[in-house]
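What follows is a short report on a single structure.
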Amino acid sequence: MRINTLTLSADKPDDVARAAAILAGGGIGAVPTETVYGLAGDATNPAAVQRIFEAKGRPSSDPLIVHVADLETAHCLAQFSPVADVIAHAFWPGALTLVLPRLGPIPDAVTAGRPTVALRCPAHPVMQQLLRTSGLALAAPSANPFGRLSPTCAAHVINSLGGAIDFVMDGGSAGLGLESTILDVMDHPVWKIYRPGPVSSETLAKWAKSAGFDPRISDYSGSHDDTVESLPAPGLFGRHYAPRTPLFLVRNGSAINRNGKEDPEEPKQAVVLTGMGGEQSNPERGLFVCSTDGSLESAANRLYEILHALDSGTWSRIVFEMFPEGGLGTALNNRLSRAAGSHEHDNPRTSWPEGDAQPVV
Ligand code: TXA
Ligand code: MG
């Protein structure tokens with residue numbers, strides 16, 4: 001059943017108050033955060049949580065991140081070890097999600113029945129205002145149909161979830177453009193990164209040293225197991241963050257024709273270069289650059305925007321140059337690999353026309 005999805009503006013105080021009231025009444029809506037847009041609902045209301053899963057088509061085995069206004073609220077929802085507390089003090093509000101032992105009023109549906117809950121205190125002023133005005137903890141996965149590209153602006157959400165949710169709050173472009181880093185320090189001094197993100201392992205390591213910790217930080221984002229239930233972060237399996245258009249990745253783009261295609265019609269291939277070498281876009285020749293200023297920050301800000309735009313065009317395939325590893329580059333490559341399906345067992349995208357650059361996957 002399609003419903004009327006209101007478009008609200010983050011610039012209008014009445015609209016923000018209206019969104020908060022809808023959420024408090026058990027409704028669900030897309031809200032801007034500093035990472036990507038989230039699909040928010042009252043985390044303590046099982047009916048609202050159920051609607052989030054339905055609107056996204058998300059399996060009930062994949063738990064949701066809960067967003068809180070501050071650390072004080074977080075303390076009511078999860079048990080913080082001393083190290084978790086210091087990390088939250090240092091990185092919140094911000095793009096870091098902590099997986100912690102769950103407490104109190106969070107229903108099973110949010111955590112997929114797990115004994116843990118993933119918590120984040122977002123920095124975005126509109127999301128902060130919604131959390132404070134509504135007085136709620138908000139469950140908010142990325143506001144996209146399950147497995148698809150995350151949204152970085154209101155239009156992305158309207159195109160995919162319009163008619164399935166109560167409102168979309170337009171707050172402009174999500175600044176960082178990549179989902180939060182997900183960190184588990186429950187086995188301190190082993191720190192597990194389930195999803196690399198804007199807070200990189202290098203940043204965490206540097207900060208840990210300055211704070212007097214000596215953790216072993218390991219990347220669990222590529223780990224797999226037989227069943228969803230046994231995965232450390234169940235959303236991190238299979239193809240995800242994916243465009244519909246076949247996506248191929250190339251490492252070391254020297255093999256790509258950096259001038260674009262010779263014949264604009266054949267094949268209808270879009271090539272995306274990192275932009276780290278100062279290349280220029282040439283859309284007529286099917287050539288695009290991700291970073292506009294040579295920085296990884298600009299690349300992260302534009303990654304999903306470019307994939308959304310190319311995916312809504314008539315390209316037969318997208319060839320994407322991978323980023324240098326390290327820092328945000330690790331997070332960018334993680335999303336690209338997942339979008340290309342290189343972590344998928346049964347349908348790897350390995351077919352590749354002869355004579356072209358060899359894909360990584
Ligand atoms: O930046 C973000 O984190 C965005 C914005 C909206 O805050 N949210 C987001 O949520 O990316 P979502 O649902 O798309 O991704 C959350 C990931 C999923 O892979 C899920 O499996 C994992 O977090 N997760 C949630 N709860 C967990 C838990 N208790 N233990 C392990 N992983 C968990
Ligand atoms: Mg997501």
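Read the numbers this way: they start at 1 and go in the same order the structure lists the ligands and their atoms. Side-chain atoms are counted along with the backbone in the values below, which use heavy atoms only and exclude waters and symmetry mates.
- Contact between Arg58 and ligand 1 is present, with at least one heavy atom of the residue lying under 4.0 Å from the ligand.
- Other residues, nucleotides and ligands contribute more than 12 heavy atoms inside 6.0 Å of the CG atom of Asp293.
- Closest approach of Leu39 and Ala30 over heavy atoms only: CD1-N, 4.1 Å.
- Note: an N/O pair closer than 3.5 Å links Asp62 and ligand 1 by distance alone.
- Among all heavy-atom pairs drawn from Asp42 and Val49, the shortest one is O-CG2, 3.7 Å.
- Applying the ring-ring contact (aromatic ring centres under 6.0 Å, His included) test to residues at least two apart or on different chains, the pairs with a partner in residues 268-294 are Phe288-Trp315.
- In this structure, the side chains of His124 and Pro93 stay at 4.5 Å or more apart for every pair of heavy atoms.
- Contact annotation for Ala140 and ligand 1: only backbone heavy atoms (N, CA, C, O) come within less than 4.0 Å of the ligand.
- For the residues Pro63, Pro59, Pro101, Ala95, the heavy atom positioned nearest atom 26 (N) of ligand 1 is part of Pro63.
- Heavy-atom proximity to Gly38, at under 4.0 Å, picks out these atoms of ligand 1: 6 (C).
- Annotation: Arg114 places no N or O atom under 3.5 Å from an N or O atom of ligand 1; distance criterion only.
- For ligand 1, the atoms sitting less than 4.0 Å from at least one non-hydrogen atom of Ala118 are 25 (C), 26 (N), 27 (C), 29 (N), numbered in the order shown with element in parentheses.
- Between Thr97 and ligand 1, a contact under 3.5 Å exists for no N or O pair.
- With atom 16 (C) of ligand 1 as the reference point, the heavy atom nearest to it among Ile65, Val66, Thr116 is part of Ile65.
- Contacts of Thr330 classified as side chain to side chain donor-acceptor pair (under 3.5 Å), with partners at least two apart in sequence or in another chain: Glu325.
- The shortest N or O to N or O distance between His67 and ligand 1 is under 3.5 Å.
- The heavy-atom pair separating Val36 from Thr33 by the smallest distance is O-OG1, 2.8 Å.
- Looking at Arg102, its side chain does come within 3.5 Å of a backbone N or O of Arg114 through a donor-acceptor pair.
- Considering backbone and side-chain atoms alike, Thr33 places every N or O at 3.5 Å or more from each N or O of ligand 1.
- Judged by distance alone, the side chain of Asn159 and the main-chain N or O of Ala155 form a donor-acceptor pair under 3.5 Å.
- Heavy atoms only, all atoms of each residue included: Ala112 and Ser60 are closest at CB-O, 3.4 Å.
- Counting only distances under 2.8 Å, and ignoring water, the protein N, O or S atoms around the Mg ion (ligand 2) are Ser142 OG.
- Cluster note: Leu131 groups with Leu6, Leu8, Val16, Ile22, Leu23, Val31, Val126, Met127, Leu130, Leu136, Leu138, Phe167, Met169 through ILVMFWY side-chain heavy atoms spaced under 4.5 Å, whether in direct contact or through intervening members.
- Contact annotation for Ile182 and ligand 1: only side-chain heavy atoms (C-beta onward) come within less than 4.0 Å of the ligand.
- Contact between Thr111 and ligand 1 is absent, with no heavy atom of the residue lying under 4.0 Å from the ligand.
- For ligand 1 and Ser180, the ligand atoms under 4.0 Å from any heavy atom of the residue are 1 (O), 2 (C), 3 (O).
- Listed here is the closest heavy atom pair of Arg120 and Trp92: CA-CZ2, 3.9 Å.
- Between the side chain of Gln79 and the backbone N or O of Leu100 there is no donor-acceptor pair closer than 3.5 Å.
- Comparing heavy-atom distances from atom 15 (O) of ligand 1 across His240, Arg195, His124 singles out Arg195 as nearest.
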